[in-house]
Chemist: 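Below is a structure I'd like to ask you about.
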Amino acid sequence: MWVWVIVAAIAVGAIAVITEARNESKRIDVNKLNKEIELEKLRLENFEKETEKMRLELEHSKQLLLEHKQKQL
């Protein structure tokens, strides 16, 4: 009879340890995903800024080219 009590206590303890480890693993996964989302948002923001900068540079170059052509005429 005591053997079953000891086995049950060990089983409950083992299940608790396994469950806690699994929960910790899930928390780490969620944290990792949140960091990846944050990084992707920063990448997108950076891409948008670079795109806007290139658009402005292109617009400026076009303006300079037009001015240069007008001077030649």
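The basis for the numbers below is simple: all heavy atoms, side chains too, and nothing from hydrogens, waters or symmetry mates. Quick caveat, the model's predicted, so the values are computed rather than measured.
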Chemist: Can you see whether Asn46 engages Glu50 through a side-chain donor-acceptor pair at a distance of less than 3.5 angstrom?
Modeler: yes
Chemist: Rounded to the nearest 0.5 Å, what separates atom CG in Asn23 from atom CD1 in Ile18?
Modeler: 12.0 Å
Chemist: side-chain contact (heavy atoms from CB on, under 4.5 Å) with Glu45: which of Arg43, Lys41, Lys49?
Modeler: Lys49
Chemist: Nearest 0.5 Å, please: how far is CD1 in Ile28 from CD in Glu24?
Modeler: 4.5 Å
Chemist: Do His68 and Gln72 have side chains that get closer than 4.5 Å, going by heavy atoms?
Modeler: yes
Chemist: Please list, chain by chain and in numerical order, all residues satisfying side chain to side chain contact (heavy atoms under 4.5 Å, CB included) with Lys53, sequence neighbours excluded.
Modeler: Glu57
Chemist: Would you give the length of the straight line joining atom CD of Glu38 to atom NZ of Lys35, rounded to the nearest 0.5 angstrom?
Modeler: 5.5 Å
Chemist: So, taking the atom named CD in Gln63 and the one named CG in Leu66, what distance separates them when rounded to the nearest 0.5 Å?
Modeler: 6.0 Å
Chemist: Got a sec: does the CZ of Arg27 have more than 12 other heavy atoms crowding it under 6.0 Å?
Modeler: yes
Chemist: Hydrophobic clusters join Ile, Leu, Val, Met, Phe, Trp and Tyr when side-chain heavy atoms are under 4.5 Å apart, directly or via other members; which others share one with Val7?
Modeler: Val3
Chemist: Looking at OG1 of Thr51 and CG of Leu56, how far apart are the two atoms once the value is rounded to the nearest 0.5 Å?
Modeler: 11.0 Å
Chemist: Under a 4.0 Å threshold between the charged nitrogen and the carboxylate oxygen, would Glu67 count as salt-bridged to Lys71?
Modeler: no
Chemist: Could you check Arg55 against Glu52 for salt bridge (charged side-chain N to carboxylate O under 4.0 Å, His left out), going step by step and ending with a plain yes or no?
Modeler: CA-CA 5 Å; Arg55 186 191 66 76; Glu52 179 63 16; 2.7 Å; yes
